[in-house]
Amino acid sequence: MRIGDAAALVGVTPRALRYYEQRGLLRVRRNAVGHRDYDEAELRRLRLVRGLLEAGLTVEDAHEILARLRTGPAAAPGAAAPGEDTDPCPARRVVHRRLAALDEDIALLRRRRDRLAAQAEDRFAAVLGPAPRS
């Protein structure tokens with residue numbers, strides 16, 4: 001399947017597919033004349049990539065998950081060295097790391113919002129006028 005057809009089938013643009021390939025999320029074969037040729041396995045992988053990105057993970061997160069899915073766990077659970085990841089689910093650590101980062105971002109945004117609201121009341125009252133009554 002050519003790039004335009006694959007992109008339409010999955011609901012992305014051909015440019016997005018080229019970007020995913022450039023970032024190492026896809027490895028697409030080329031036909032005799034050099035066109036990308038998407039098979040069913042690549043379409044499944046592309047759907048997985050889209051699902052990961054739509055869930056809020058970054059391209060780097062998706063790359064890490066896909067790499068771990070490809071290689072599997074380094075050792076059987078319980079056989080890893082101290083400090084080594086033994087979770088049999090390759091996505092779990094990445095997802096928890098992303099959730100923690102989002103929690104930090106949310107906390108930062110809340111602090112900024114509170115600071116702006118306080119400054120709007122204190123410093124900008126002359127410019128903004130009185131606060132609306134609720």
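Separation of atoms CD (E54) and CG (L52) is listed at 9.5 Å; rounding is to 0.5 Å. In this structure, Y38 OH and L26 CG are separated by 6.0 Å, a value rounded to the nearest 0.5 Å. The CG atom of L43 sits 6.0 Å away from the CG atom of L9 when rounded to the nearest 0.5 Å. To the nearest 0.5 Å, atoms CG (L17) and CZ (R15) are separated by 12.5 Å. R98 contributes atom CZ, which lies 8.0 Å from atom CG of D105 (distance to the nearest 0.5 angstrom). Atom CG of residue L53 and atom CG of residue L25 lie 7.0 Å apart, to the nearest 0.5 angstrom.
Ion pairing between R47 and E40 holds under the 4.0 Å rule for side-chain N and carboxylate O. Of the charged side-chain nitrogens involved, at least one lies within less than 4.0 Å of a carboxylate oxygen, so that R97 and E64 count as a salt-bridged pair. At a threshold of 4.0 Å, the pair E42-R36 does not count as salt-bridged, since none of the basic side-chain nitrogens sits closer than that to a carboxylate oxygen.
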Side chain to side chain contact (heavy atoms under 4.5 Å, CB included) between R18 and Q22, worked out | CA-CA 6 Å; R18 287 189 289 274; Q22 175 190 11; over 6 Å; no
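A 4.5 Å side-chain heavy-atom check between R50 and Y20 finds at least one atom pair inside the cut-off.
Remark: side-chain polar atoms of D61 are paired, donor with acceptor, to backbone N or O of T58 under 3.5 angstrom. Under the 3.5 Å distance criterion, the side-chain polar atoms of R23 are left unmatched by any main-chain donor or acceptor of E60. Using a distance-only test at 3.5 Å, with no hydrogens or angles considered, a donor-acceptor pair links the side chain of D37 to the main chain of M1.
Within a 6.0 Å radius of CZ in R110, no more than 12 heavy atoms belonging to other residues, nucleotides or ligands are found.
In terms of heavy atoms, P14 sits closest to G4 at CG-CA, 4.2 Å.
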